[in-house]
Protein chains: 2
Amino acid sequence: MKKVGLKDIAEHVGVSIALVSYVLNGQAEIKQVSKENAEKIKKAAELLNYRPNQIAKSLKMHKTHTIGLVVADINYRYSTGITRAIEAEAKKKNYTVLFGSSNENEETFAELVDVLINRQVDGLILVPVENSQEQIRMLQKAEIPFVLIDRNFPEIKTNHIALDNYKAAYTATEYLIKQGHKRIAFVNYKTTLFHLQERDRGYLDALKNGNIDFNADWLQEVNSNNRTADIQQSLDVILNLSEPCDAVFFATDTLSINGLKYLNQLKTKIPGEISVLSFDESEAFELFYCPVTHLRQPVEAMGKAAVDTLLELINHYKISKQVSLMSDLVVGQSCRE
Amino acid sequence: MKKVGLKDIAEHVGVSIALVSYVLNGQAEIKQVSKENAEKIKKAAELLNYRPNQIAKSLKMHKTHTIGLVVADINYRYSTGITRAIEAEAKKKNYTVLFGSSNENEETFAELVDVLINRQVDGLILVPVENSQEQIRMLQKAEIPFVLIDRNFPEIKTNHIALDNYKAAYTATEYLIKQGHKRIAFVNYKTTLFHLQERDRGYLDALKNGNIDFNADWLQEVNSNNRTADIQQSLDVILNLSEPCDAVFFATDTLSINGLKYLNQLKTKIPGEISVLSFDESEAFELFYCPVTHLRQPVEAMGKAAVDTLLELINHYKISKQVSLMSDLVVGQSCRE
DNA sequence: TCCCTTGCTTTAATCGTTTAAAGTAATAAC
DNA sequence: GTTATTACTTTAAACGATTAAAGCAAGGGA
C-alpha cells in the first residue's frame with residue numbers, strides 16, 4: 001500500500017492539487033471552492049485514507065509543531081512527572097514532544113540539544129545540567145526559543161520556570177523548628193547548581209530567624225558520583241555529634257531514599273530517634289514504614305507554564321518571563337510532633 | 001541569526017550547491033571533488049556553523065531516522081526502563097526516538113500511533129493496550145514496520161519481543177512451593193491481555209506439578225479501574241479463608257505496591273504471617289522493611305532486541321521474529337525460608 | 001586537426017506540501 | 001456590445017536538501 005498524497009486525491013477527483021490543499025486545510029470558504037468539489041475532495045480523502053505528510057508541510061511552513069524536551073535523568077521522579085505534564089499540555093496545544101535524557105552529563109546534554117535543533121523543533125524546554133552555561137548562551141545567540149525549567153543560572157537572563165527553592169527550604173526548616181527540633185541537619189549535593197544552593201540558603205536563614213545557632217557539621221555536602229558512601233558518612237557524622245541532630249532534611253528525593261535506606265540499616269527509629277523531611281516526593285516513600293513528610297513540587301503547573309511560555313516565544317511575542325512556584329508541604333509521620 | 005543552508009556555503013565558497021552536498025556527505029572521493037574545493041567547503045561549513053535541515057533531508061530521502069515508541073504508562077517502572085534502553089540503543093544506531101504514553105487507553109493509543117505515522121517515523125515500537133487488535137492489523141495492512149514489546153496478541157502474527165511470562169510465573173510459584181508454602185495466592189488483573197493470562201497459566205501449572213490442590217479463592221482478579229479497593233478485598237479474602245494463604249504472588253509491580261501498602265496497614269508481618277513475591281521490581285521496594293523477592297525483567301536486552309528487529313524490518317529484510325526472554329528471580333527477604 | 005578521455009563542476013528534477021498570482025468562464029453593468 | 005465583476009480553478013514557484021545527467025576544459029592519441 002503506497003502512500004497517498006494530495007496528488008492522488010487530485011487525480012481521483014479530477015481537480016488540481018491546490019484545490020485539494022485548500023479544502024483539506026479548511027480554506028474552502030475563503031478560497032471560494034465550490035461546494036460540489038469541496039464535498040468530492042473530502043470524500044476522496046476519506047476514501048483513500050489520506051494522511052498529510054508532516055515532513056513536507058514542515059519544510060514549507062518552517063514549523064514542525066514539535067517541541068524538544070531535555071530532562072536531567074528519566075529515572076528521577078521529577079522527570080517523569082514533568083514529562084507527563086508537558087506532554088499533556090503540548091498535546092492540548094497540538095504540539096508533539098521530542099524528548100531525551102541528559103543523565104546529568106554535559107556532553108550528552110549538548111548532543112541532545114543539537115539533535116533536537118537539527119530536527120527543527122520549534123522550541124526547547126530544558127532542565128539544564130551543571131556547566132551548561134555556554135550551551136545556553138549559544139541558544140540565545142542563535143535566537144532559538146527555549147525555556148529553562150526546574151533550574152536556571154542567575155548569571156544568565158533567561159525565561160525560566162522554577163520552584164521558589166529558597167522559600168520551600170525555608171518553610172520546611174521552619175516547620176521542623178516549630179515541631180520543636182533544636183539540631184537540624186541538611187544533606188545536600190555539593191554542586192554549583194543555583195537551585196540547590198538556594199535550598200541551602202533557605203535552610204540557613206530559617207535557622208537564623210528561628211534563633212538556632214548553626215553548627216557547621218549540620219550542613220552535609222554529598223558528592224553525586226559517590227552518593228551512597230557519602231550519604232552514609234554524612235549521617236554518621238550528624239548522628240554521632242556530641243549533641244546528635246534530632247532532624248535531618250534531605251535536599252532531594254534521591255538523597256532521601258539513600259539516606260532512609262541507611263537509617264533502616266542502622267535501625268534508627270524514625271521519628272523516634274531522628275525526624276526526616278524530604279524535598280520532592282518518591283514512589284519509594286509509599287512503602288516506608290512511616291509516611292515521609294516532604295515538599296511536593298507542582299509539576300502540572302510547571303509543565304503548563306513551560307509550554308505556555310514557550311509557545312508565546314515561538315509565536316514571536318518577545319517576552320521575558322520568570323515564573324516562580326510554591327511547593328506544598330505534605331505532612332506525613334516522619335517528623336516528631 | 002538566520003539559518004545557514006547549503007546555498008549559503010555554496011555562495012560563500014563560490015561553487016554550486018551540489019558540490020557542497022557531495023563534500024558534506026562524504027562523497028568527495030567518489031564524486032571526484034578537487035581537494036581544494038573540498039577543503040574550502042568544509043572550512044566554510046564549520047565557519048558558518050552549518051546544521052543540515054533534517055526535515056528537507058527526510059523529505060527527499062523518505063527516511064526520517066526516527067522511530068516511534070508508545071509505552072503503556074510512563075509511570076510504570078517498566079516504561080521508564082524500556083524507554084531508556086530503547087533510547088540508548090537507538091542512539092547507537094543513529095536513530096532518534098519519538099515517544100508517547102497511551103495511559104492504557106485505547107483511543108490515546110490509536111491517536112499516538114497516528115501522530116507518529118504522520119510524522120513519518122521509519123517504524124514503531126509498541127506496547128499495545130487492551131483491544132488494540134484492529135489498530136495492529138491496520139498497521140500490517142499499511143505495511144508499516146513495527147514491533148510489539150512486552151505484550152502481544154496470540155491471534156495476530158506479529159514480530160514481538162516479550163518475556164516468557166508463563167515460565168516466569170511458573171518459576172516463581174515453584175520457588176514458593178520449594179520454600180514450603182502450601183497455600184499460594186495469586187493476585188492478577190482481570191484482563192484480556194495475553195501476557196497476564198500467561199502468568200495465570202504459569203502459576204496454575206506450577207501448583208499442579210507441585211501437587212498442590214488449587215483453591216479457586218486463591219486466584220484473585222482485580223479490576224484496574226478500581227484497583228485499590230479490589231486489592232484490599234482480595235487480600236481480605238485470602239487472609240480470612242478457613243485455611244489462610246501463607247504466600248501471595250502479585251502479578252505486577254503496581255499490584256504489589258498497593259498490596260504491600262494494605263498489608264502494612266493491617267500490620268501483617270512479612271514474611272512471618274505471609275510471604276510476598278512480586279512480578280517486576282519497583283523503586284518502592286527499596287524502602288520496604290524487608291527487601292521484596294521479585295522477578296526482574298531484562299529491559300536492556302528487550303530494548304536492544306526491539307530496536308534491532310525494527311531496524312531489520314526497516315531495512316527491508318522481510319523477517320519474522322518472536323523473541324522470548326527469561327526473567328531473573330531476585331531473592332529478597334519477603335519469603336519464608 | 002579532430003575526437004575521445006579524464007577530471008571536475010553545474011544544471012535541473014525531485015520529495016509533498018502551501019499559496020500568491022494568473023487564468024477562465026459566466027454573469028452583470030453600462 | 002463592450003467591459004467589469006464574480007466565482008471558481010489552475011499554474012508555478014517556493015521550502016532545503018539529494019543526485020542523475022549533462023556540461024566543460026585540458027590533455028592525449030589518431
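For the numbers below, each heavy atom of this structure counts, side chains included, while hydrogens, waters and symmetry mates do not. Residue numbers begin at 1 in each chain, while the letters A, B, ... track the order of the sequences.
Ion pairing between a basic and an acidic side chain is recognised when a charged N comes within 4.0 Å of a carboxylate O; A:Glu89 and A:Lys92 show such pairing. A salt bridge does not link B:Glu300 with B:Lys304: none of the charged nitrogens is closer than 4.0 Å to a carboxylate oxygen. Taking the charged nitrogens against the carboxylate oxygens, A:Lys3 and A:Asp8 have no contact shorter than 4.0 Å, which rules out a salt bridge.
Taking OH of B:Tyr95 as the start and CD1 of B:Ile314 as the end, the distance is 4.5 Å to the nearest 0.5 Å.
Between A:Gln135 and A:Val129, the closest side-chain pair of non-hydrogen atoms is not below 4.5 Å. Counting heavy atoms from C-beta outward, A:Lys91 and A:Glu87 have side chains that stay 4.5 Å or more apart.
Atom NZ in B:Lys35 sits about 12 Å away from atom C1' in C:dC8, given to the nearest Å. C:dT17 atom P lies 20 Å from atom NZ of A:Lys63, rounded to whole Å. Put simply, CD on B:Gln32 is 15 Å from C1' on D:dC24, counting in whole angstrom units.
With sequence neighbours excluded, the residues that form a salt bridge (Lys or Arg N to Asp or Glu O under 4.0 Å) with A:Arg151 are A:Glu104. With sequence neighbours excluded, the residues that form a side-chain hydrogen bond (donor to acceptor under 3.5 Å, both in side chains) with A:Glu134 are A:Arg137.
For DNA chain C, no neighbouring residue in residues 111-122 of chain B is found when judged by any heavy atom under 4.0 Å.
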Could you run down nucleotides 12-21 of chain D 5' to 3' and tag each one B, S or - for protein heavy-atom contact under 4.0 Å?
--BBBBBBB-
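In the helix from C:dT1-D:dA30 to C:dC30-D:dG1, the end axes, each obtained as the rotation axis mapping the C1' atoms of four pairs onto the next four within a five-pair block, lie 90° apart to the nearest 10 degrees.
Side-chain N/O atoms of B:Thr192 and B:Glu130 include a donor and acceptor closer than 3.5 Å.
In this model, the phosphate group of C:dG7 is not approached by any side-chain N or O of B:Ser34 to a distance below 4.0 Å at OP1 or OP2. Applying the 4.0 Å criterion to OP1 and OP2 of D:dC8, one finds that A:Asn37 has every side-chain N and O outside that range.
Heavy atoms of B:Ser16 sit under 4.0 angstrom from at least one base atom.
Residue pairs meeting the side chain to side chain donor-acceptor pair (under 3.5 Å) criterion with at least one member in residues 66-75 of chain A, sequence neighbours excluded, are A:Thr66-B:Arg119, A:Asp73-B:Arg84.
When every heavy atom of B:His12 is checked against every heavy atom of B:Ala44, the shortest pair comes out as ND1-CB, 3.7 Å.
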